[in-house]
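Step one of this worksheet: look at the structure below.
Side chains are part of it too, since the values below use all heavy atoms of this structure and drop only hydrogens, waters and symmetry mates.
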Amino acid sequence: MTLDDTTAMQRAIAASRAALQAGNRPYGAVLLSPQGELLHEAANRQVTEGDCTAHAEMVLVREATARLGAAALRGGTVFASGEPCAMCAGALFWAGVRRIVYAASNPLMAGLLGGELLPVRCAEVLAGAQPPVRVEGPLLEEAAAAVLRQAARGA
């Protein structure tokens, strides 16, 4: 199945909703091949796995690598419901992802959820990366924000 950017982001936001319903932080991610083929979807599992590194993007990299092999991520695009943190941006780079599209920006997430904050932006982490990684967003920010607001209300 091939997806356009909007459809891929809608799936990432749906994964964020599923993460929240499972008791996790409200974040999801989707991996597309360079040809736009849906390869994998993942949701945040920090709470349910008791793993502070189980952000949606990290889960995506681990599962996609185990299921499809490391080469499947090379040149791909990751759609993230929230702007990837420094850890996730670095992991996506090392996995070979060459395009990242996010929905909710770090400043928006910080404003809605508060808490601990690592205020470096994804594009800043990847500035000067060789080979380069395109960072785009926000895309469908209001839809992602609706899930974040639900999390902030404790739903």
Residues that Tyr27 engages under side chain to side chain donor-acceptor pair (under 3.5 Å), provided they are two or more places apart: none
task: Please identify each residue that fulfils side chain to side chain contact (heavy atoms under 4.5 Å, CB included) with Ala103, with sequence neighbours left out.
output: Met9, Ile13, Ala144
- line: Ser105 meets the side chain to side chain donor-acceptor pair (under 3.5 Å) criterion, sequence neighbours left out, with Glu141
message: According to side chain to side chain donor-acceptor pair (under 3.5 Å), who are the partners of Arg74, at least two apart in sequence or on a separate chain?
response: none
field: Atom pair CD1 (Ile100) and CZ (Arg134), whose distance is rounded to the nearest 0.5 Å
entry: 11.0 Å
field: Counterpart residues, side chain to side chain contact (heavy atoms under 4.5 Å, CB included), relative to Glu142 (two or more places apart)
entry: Ala145, Arg149
- request: Compare every heavy atom of Met109 with every heavy atom of Asn106, then report the nearest pair and how far apart it is.
  value: OD1-CE, 2.9 Å
Pairwise salt bridge (Lys or Arg N to Asp or Glu O under 4.0 Å) hits with a residue in residues 79-93, at least two apart: Glu83-Arg121
- prompt: Which residues pass the side chain to side chain contact (heavy atoms under 4.5 Å, CB included) test with Val120, sequence neighbours left out?
  reply: Ala86, Leu118, Glu124, Val125
message: Give me each pair satisfying salt bridge (Lys or Arg N to Asp or Glu O under 4.0 Å) with a member in residues 105-117, each pair once, sequence neighbours excluded.
response: none
field: side chain to side chain contact (heavy atoms under 4.5 Å, CB included) partners for Pro119, two or more places apart
entry: Leu117
- request: List in chain and number order the residues that pass side chain to side chain donor-acceptor pair (under 3.5 Å) with Thr6, two or more places apart in sequence or in another chain; answer none if no residue qualifies.
  value: none
What donor-acceptor contacts under 3.5 angstrom involve side-chain atoms of residues 30-39, with partners at least two apart or in another chain?
unit_1 : atom_1 : unit_2 : atom_2 : d
Ser33  : OG     : Gln35  : N      : 3.2
Ser33  : OG     : Gln35  : OE1    : 3.3
Ser33  : OG     : Gly36  : N      : 3.4
Ser33  : OG     : Glu37  : N      : 3.0

- line: Nearest heavy-atom contact between Ala15 and Ala42 is CB-O, 3.6 Å
message: Within this structure, what is the CD-CG distance for the pair Gln10 and Leu3, rounded to the nearest 0.5 Å?
response: 10.0 Å
- prompt: Of all heavy-atom pairs between Asn44 and Ala19, which one has the smallest distance, and what is that distance?
  reply: O-CB, 3.7 Å
All pairs passing salt bridge (Lys or Arg N to Asp or Glu O under 4.0 Å) where residues 5-29 contributes a residue, at least two apart: Asp5-Arg99, Arg11-Glu41
